[in-house]
Amino acid sequence: MTYLKKMKTCFAASALLWPLPLAAQTPETGIASLQALSVEALRDRDYGGALDVAARIDCPGRANGAEGIILGHESDGLDLYARLQLPDGAAPESGYPVVMFLHGWVGAENAPGYLFSCNADGYYRDIINAYADAGYAVLMPGFRGHGTFNDTPAEGIEWVQAWDNGSYLSPVFYAIDALNLLAVVPQIGDLGLVVAGAPVTVNPDIVHVIGHSQGGDAAAMLLAAVGEGAGNGLAVTSGSLWSSTYVDRFTQLDTYHAMESTTAAFYSGDGTWNGTAIGADGSVNPDFVFGYPPSWIGTMNPDDWSWQADYWARSASVRAAVETQLSQMYGAINGGVADMSSLTWSISADKDGGFTVNHDPALIGPMAAIGAHDAAQYMREPLHLHFSDRDFYSFPEWNTAFCARVNAAGGACTAYEYPGTTHKLGVADAEWYSPEGTEDGFAVMIERDLALFGG
């Protein structure tokens, strides 16, 4: 049985009980209850706030001019930024249709200097330009703490510092920021913007939502929050999630840090790599997580490693990696959630050499209610899922299972797998990761999504 299948969310007699250090919380970043972060709570609350033009910045790569418009908007009392990239031609009579693009992980260290992909090259720049070139007004939420313009940083960096960790809760706050921005899309036409000599207007009834990676996690929650029967009055037209995640926070904890901190998470039973848990001698690695580490490891030959040797030795084992994230999750929640201050967890050894995580029963229900993994019944708008067959952040089976749940609930989901591609759904330099003949998924995804949006 694989490591992931053996992880349990029960509270039992423990072989090890860890101390629970507090996270770097402040009164401003504390929340009353995890219930406020549940999909049901997101569906039943109000969104909105003021919107204005904060700055105009150079965004190389546009066909007609290089200007990107930085908007200022409010989100739950925080002053944040968002990028608006407009098409080169004048808006149609009904206004530009809108694409809202939710970007992936930036991290607390880099968030204040985030430039919203207004640079000379870059993956997100190409995504934004592709949709702007197709006639869409592209709106890119920066999220709390992201970006600094006119020497004024976005507010909320303390939220990133407090929650962008092993709690895996920061995407919920980013979803809230995106929902507050979605609520003020109709105000874009009141900003006095002009393109090709004509006033800028947008069509608030046509908003397509795209998210990549961590932004896909937030976008999935946004789609669930505005979906069938939501009480907040918001709606979107369709969605597309790139390399996203559709599992609960405990499964994320079991998976991600181990894959990026120890070779034990992806080696086979004989201590070598072949993409499976089973070694050449038939031995099985009981802690195997997933067959492919990130493509940027470069080579799977340890004799050729330099920095890799230190990077993938940050955790002595999968268990040690999981313990690190458990300490972060429980520390953040004990320190930042008012009605949860003394939660505990434990790990016990299994007979076959693996281990079992035992979660505090008081945390199991509230954490299960956070995220879109169990909210497929609300997603009735057309939906695309794009994913690789070898991306540990977005397991293929997570995508196909979630899409099946959406369709079973009456939705219209299509799952697209791009064999041999990376987390960005491109082709890796290393042939062990992307075999000869692997096709880059970028242009195909754009084409498929534009067909979805146009249809």
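We use all heavy atoms of the structure for the numbers below, so side chains are in, but hydrogens, waters and symmetry mates are not.
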Whether [X] side chain and [Y] backbone form a donor-acceptor pair below 3.5 Å:
X: Ser243; Y: His423; result: yes
X: Arg314; Y: Tyr311; result: yes
X: Asp374; Y: Ala368; result: no
X: Ser327; Y: Thr324; result: no
X: Glu109; Y: Gly107; result: no
X: Asn165; Y: Ala162; result: yes
X: Arg43; Y: Glu228; result: yes
X: Thr262; Y: Trp312; result: no
X: Thr251; Y: Val247; result: no
X: Thr421; Y: Tyr418; result: yes

Between [X] and [Y], ring centroids under 6.0 Å:
X: Trp398; Y: Tyr246; value: no
X: His373; Y: Phe402; value: no
X: Tyr292; Y: Trp273; value: yes
X: Phe101; Y: His212; value: no
X: Phe392; Y: Phe290; value: no
X: Tyr81; Y: Phe149; value: yes

Could you check whether atom CD of Glu397 has more than 12 heavy atoms from other residues, nucleotides or ligands sitting under 6.0 Å from it? yes
More than 12 heavy atoms from other groups under 6.0 Å of CG on Asp46: no
If only side-chain N and O atoms count, and only distance matters, is there a donor-acceptor pair under 3.5 Å linking [Y] with [X]?
X: Asp391; Y: Thr422; answer: no
X: Trp242; Y: Ser240; answer: yes
X: Gln214; Y: Tyr168; answer: no
X: His386; Y: Asp449; answer: yes
X: Ser238; Y: His208; answer: yes

On the 0 to 90° scale, with breaks at 30° and 60°, tag the [X]-[Y] ring pair as parallel, tilted or perpendicular.
X: Tyr131; Y: Phe453; result: tilted
X: Tyr256; Y: Tyr393; result: parallel
X: Tyr124; Y: His103; result: tilted

Passes side chain to side chain donor-acceptor pair (under 3.5 Å), Trp159 versus Asp164? Steps please. CA-CA 8 Å; Trp159 287 87; Asp164 194 16; over 6 Å; no
Worked check of side chain to side chain donor-acceptor pair (under 3.5 Å) between Asn232 and Asp44: CA-CA 6 Å; Asn232 51 49; Asp44 196 35; over 6 Å; no
For side chain to side chain donor-acceptor pair (under 3.5 Å), just list the numbers for Asn399 and Ser394, CA-CA rounded to whole Å, side-chain angles, deciding distance to a tenth of an Å, and then say yes or no. CA-CA 7 Å; Asn399 285 266; Ser394 187; 2.9 Å; yes
Any non-hydrogen side-chain atom of Val185 less than 4.5 Å from a side-chain atom of Val98? yes
Distance to the ring centre below 6.0 angstrom and angle to the axis at most 45 degrees; does that hold for Arg83 and Phe116? no
Between CD1 on residue Ile69 and CG on residue Leu191, distance to nearest 0.5 Å: 8.5 Å
Residue pair Asp126, Lys424: steps toward the salt bridge (charged side-chain N to carboxylate O under 4.0 Å, His left out) verdict: CA-CA 12 Å; Asp126 293 341; Lys424 292 183 177 180; over 6 Å; no
So, using side chain to side chain contact (heavy atoms under 4.5 Å, CB included) as the criterion, who are the partners of Pro419 when residues are at least two apart? Asp389, Glu417
Does any pair with a residue in residues 134-146 pass side-chain hydrogen bond (donor to acceptor under 3.5 Å, both in side chains), and if so which ones, sequence neighbours excluded? Arg144-Asp177
Presence of salt bridge, Arg249 and Asp217, under 4.0 angstrom: yes
